[in-house]
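Only a predicted model underlies this, so the values are computations on that prediction, with no experimental measurement involved. The chain is numbered in sequence order, starting from 1.
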Amino acid sequence: MLPLPFAWLLVGRAAQGVGLRLTALMMGVARDHLPEERSAATIALISVISIIGAGVGYPLAALLAEFGGLRAAHGLGLLVTAIAFVTGWRSMPAAPEGRSAHVNVARALVLAGGLLLVLFLVGERSLWSRHLTVAVTLAVAAVLLLCVWTVSELRTKTPLVDVRAVRHPAVAGATARRPESPQSARPAYMFRLAGS
């Protein structure tokens, strides 16, 4: 283990968040590059395997740390990550013709700003009792940002998140009632990442 400053922990957590979103990217690739009859089964398999991987990964890492130390557990994680990166780099197909392969940065920043304000207000509960005016102002700003983002997502042909998918009963139900898994609590299958 390296004695790195706290900033490196934040960088690692950000990288972990990016890694979790790769599941949505894999689903998009499966949707774009497989025939329709195979894509639904493949997307379901990707979803199930990601949950199984999380369920098996934590106990396996704990067992490895118990017998081999933290270096062994982190070393195995680094090795698996490197293998997955090289495999993905060599085998990721190009985006199909007619698909947008870029992310609208302005819309992504509006979404990030709104979510940042919501998370800040949830995390800083004392703000509501000590500085109510500031808290309400930030809450209004968060709602406005998220409303602007939602309207812009509904108007574009290539949304970052397919907001209309929430109208589908299966998507709405899965999004509303599956908090037992960190990955399933987020509607990752609604994301349309670059190239998907």
Show me the donor-acceptor pairs, under 3.5 Å and distance only, between side chains in residues 116-127 and residues at least two apart or in other chains.
none

Practice task
Answer whether the closest heavy-atom distance between the side chains of Leu138 and Val134 falls below 4.5 Å.
Solution key: yes

Fill in the blank from the handout: Closest non-hydrogen atoms of Thr87 and Ser91, given as atom of the first, atom of the second and distance, are O-OG, 2.6 Å

Handout entry: Leu132 reachable from Val140 in the ILVMFWY side-chain graph, under 4.5 Å edges
Key = yes

Exercise for the section: With the side chain counted from C-beta on, respond yes when Leu76 and Leu64 share a heavy-atom pair under 4.5 Å apart, and no when they do not. Expected result: yes

Practice task
Give the minimum heavy-atom separation between Thr133 and Thr137, together with the two atoms involved.
Solution key: O-OG1, 2.7 Å

Handout entry: Non-hydrogen atoms of Gly114 and Ala142 that approach each other most closely
Key = O-CB, 3.9 Å

Problem - Rounded distance (nearest 0.5 Å) linking atom CG of Leu111 with atom CG of Asn104 - result: 11.5 Å

Practice task
State yes or no: do Val143 and Val136 share one hydrophobic cluster built from I, L, V, M, F, W and Y residues joined by side-chain heavy-atom distances below 4.5 Å, directly or via other members?
Solution key: no

Problem - Same apolar cluster (I L V M F W Y, side chains within < 4.5 Å links), Met26/Phe85 - result: no

Atom pairs and distances, donor-acceptor, side-chain atoms in residues 144-154, under 3.5 Å, two or more places apart:
unit_1, atom_1, unit_2, atom_2, d
Thr150, OG1, Leu146, O, 2.7
Ser152, OG, Val148, O, 3.4
Ser152, OG, Trp149, O, 2.8
Glu153, OE1, Leu160, N, 2.7
Glu153, OE1, Val161, N, 3.0
Glu153, OE2, Arg107, NE, 2.7

Exercise answer: donor-acceptor pairs, residues 37-46 side-chain atoms, under 3.5 Å, sequence neighbours excluded:
unit_1, atom_1, unit_2, atom_2, d
Ser39, OG, Glu36, O, 3.2
Thr42, OG1, Arg38, O, 2.8

